Amino acid sequence: MKFMRELPHNLRDDLQAEQFRILRTQIPTMYVVLLINTGILCYSVYGSVPVAMSLGVPGLFTVLILVRMAIWLARKRTSPDKSHIARYLLSTTLVASIVSLGLGVWGVALLQAEVDDKPFVPLFIAFGAIACTYCLGSLPRAAFATVCLAVTPVTVALLTAGERMEIAAGVSLLLVFPLILRLVVHQNANLIESVKSHSQVKALAYTDPLTGLPNRRAFTERLERNIEEAADKGMMAAVAVIDLDGFKAINDTFGHAAGDSVLIQAAERIQTACIECQLVSRLGGDEFAALMLVDEDGVPLTAVATKLVHEMSKPFTVSDTYVHMSASIGLAKHLVDDTSALAVMSRADMALYEVKRGGGSGMLWSVPTMAIRLRRRMTIEQSLRETNPPPRIEVVYQPIFDAMTNQIVSFEALSRWEHPQLGQIPPLEFIAIAEQTGTIAVLSEQIFDAAIREAAGWDAQVGLSINLSGVDLCRPSMTLMILSLCHRHGFDPRRLEVEVTETSVLSDFDAARDQLALLRKAGIKIVLDDFGSGFASISYLKEIKFDRVKIDGELIANIIESREARRLVQGILQLCSSIDMPVTAEKVESEDQRAILAGLGCHRLQGYLLGPPTSASTVRALAGFRLRVA
């Protein structure tokens, strides 16, 4: 019909799908009505007409009806695609036309024959036509074909019969069936409006309103279908999860309107770069995804991801300003033993996390070891967030010796964590995760509290050294926390040394400098740790007032075998001597190393040769004692 042809293609597909759904339940019922009606009409005319008309013709109808009924009953268990549905609807219209024409011709033939109960013929034809029209109401072409081909011939035959009763029956059919067809048109109009409303709701539920791209729900459902299709084609469904590096800073600096503009520009670039993909979606926030069917090697998606990284590095326009971002992309394919969309997306997220952890602006395919690392990290994160009970972080102490007198002058507090499931977790690992998850403040206070409380009972001449993380260094409340703990435990702040690394200072140089100045003002000494491991350490000696530097242990490890390493250590000691900066060497593990460092004028020594990290109870016996020299 005209209004059907004017529907948009996507809405036409939805309408045909709904028509199929309705017909799948109603057509078997229609065929049952036709069988009953045909059987009764056969019985009423049997013996009054030739056998061919009373049994032959209805027998053919019965066979056709039973075959079509079996076909439609089988379709109840299928989920055909739109192309199959279109063919099913067309075949239904054709079969309805053939059956209706046959019924009409059969009815006219019966009216013209010498039938004893002739008035019942139009009645049975009308009943059958009404049942068919009702059941085919969602498919107007088939309903109209039923009326035109089954009822019209009978109506004409009745109107031209010449007998009053037959003419009256023909007039009745002529008046009633246009009304029935009007109901069909009205029913179909309501169906179209319902499909339109459903399509609009579906569009809202499956479309990102900002970019117009499919959303996460649409992407996940399409991925599920693609996984099934890929298996049939001998291919693999692969996804690329794309995260915009630096978007948050742009959004916070220029506002949400500018952020929306950048997201729209990013969506356009992603669509252009992913033109060969089956689907591009915005998952939410600044995260997008692309879907592609690939071979085992996944080369096409790798090429797309590489192109994306390049395109997203180009400047974006915000008002009259250019801003820069980059893209981190995680890639994953479905596996034979794990084909759910959720599993594929999870693996892509793992790969994305690895790219972000490495600094961003790149792409990486998922590998099995990523899942192991991610599960480990999640376990550590959850444990760090636990408050009942909190993670049991133990504090151990490693002695620091005066290189000339061999006397213990200080202990460095070091954290150790024996996790109930993971075993021993290195401090570098769990402290980095604590910094990233925002749990470092609680963890640092726990370590500082334990160390300062223990050191308060040592000899007053023995100091305490504690490492301070980069996040803590830039936290305004950090200085107050340390001084409050010193006051609570009666510990002289002048006995405390805080060790900071170049990396922690570099994270926010101005904030770090201010915090360190406050600590020094309170009498706490500041030590620059891992000196010599970075490129800018020397400039820090001029910008920030340090009380001591600690040479990076990796330099000390090679001073026996490497002349260059020895010269470098010597250069550092001479530099620090020229500005009256005391030096500590860590990771001293051999007598030769100790002899060389002492000969070069190193002030303090620390390492397993002199004393390993030990428990608090052992430290109480060591504090203030001299090291016995062999």
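This is a predicted model, so every value here is computed, not measured.
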Taking C-beta and beyond as the side chain, do [X] and [Y] meet within less than 4.5 Å on heavy atoms?
X: L483; Y: I524; answer: yes
X: Q398; Y: Y608; answer: yes
X: F531; Y: L528; answer: yes
X: Q606; Y: K550; answer: yes
X: M292; Y: P300; answer: yes
X: R604; Y: F401; answer: no
X: I431; Y: W417; answer: no
X: F219; Y: V280; answer: no

Point to revise | Verdict with reasoning, E412 to K587, per salt bridge (charged side-chain N to carboxylate O under 4.0 Å, His left out) | key: CA-CA 12 Å; E412 180 180 0; K587 295 187 179 179; over 6 Å; no
**Study point:** Q461 atom CD, over 12 foreign heavy atoms within 6.0 Å
**Key:** no
Check your understanding: Quick one: does NZ or CZ of R269 land under 6.0 Å from the six-membered ring centre of F316, within 45 degrees of the ring axis?
Key -> yes
Practice item. Walk me through it: do I551 and L573 pass the test side chain to side chain contact (heavy atoms under 4.5 Å, CB included)? Key: CA-CA 9 Å; I551 301 177; L573 288 166; 4.2 Å; yes
**Study point:** Verdict with supporting geometry, L308 and I242, side chain to side chain contact (heavy atoms under 4.5 Å, CB included)
**Key:** CA-CA 9 Å; L308 261 176; I242 306 146; 3.6 Å; yes
Review point. Given the rule in the salt bridge (charged side-chain N to carboxylate O under 4.0 Å, His left out) test, do K307 and E311 qualify, once you have shown the distances and angles that lead to the verdict?
Key: CA-CA 6 Å; K307 182 179 179 181; E311 289 297 319; over 6 Å; no
Salt-bridge criterion met for [X] and [Y] (N-O under 4.0 Å):
X: D243; Y: K356; answer: yes
X: D492; Y: R495; answer: no
X: R376; Y: E429; answer: yes

Exercise for review: For the pair L331 and V239, evaluate side chain to side chain contact (heavy atoms under 4.5 Å, CB included) and give the outcome as yes or no after the intermediate values.
Suggested key: CA-CA 6 Å; L331 307 173; V239 301; over 6 Å; no
Point to revise | Short side-chain donor-acceptor distance under 3.5 Å, S328 and D245 | key: yes
**Study point:** V294: which of V304, L301, T302 passes side-chain contact (heavy atoms from CB on, under 4.5 Å)
**Key:** L301
Practice item. Look at the side chain of H489 and the backbone N and O of F491, then say whether any donor-acceptor pair between them is shorter than 3.5 Å. Key: no
Exercise for review: May I have the step-by-step check of salt bridge (charged side-chain N to carboxylate O under 4.0 Å, His left out) for R216 and D208, ending in yes or no?
Suggested key: CA-CA 9 Å; R216 180 183 289 272; D208 172 54; over 6 Å; no
Point to revise | Test log, rule side chain to side chain contact (heavy atoms under 4.5 Å, CB included), inputs D547 and E497 | key: CA-CA 9 Å; D547 297 286; E497 291 183 351; over 6 Å; no
Practice item. Show your reasoning for whether salt bridge (charged side-chain N to carboxylate O under 4.0 Å, His left out) applies to R357 and E354. Key: CA-CA 5 Å; R357 197 164 68 97; E354 291 292 329; 3.2 Å; yes
Check your understanding: For the ring pair W458 and Y397, is the centre-to-centre distance below 6.0 Å?
Key -> yes
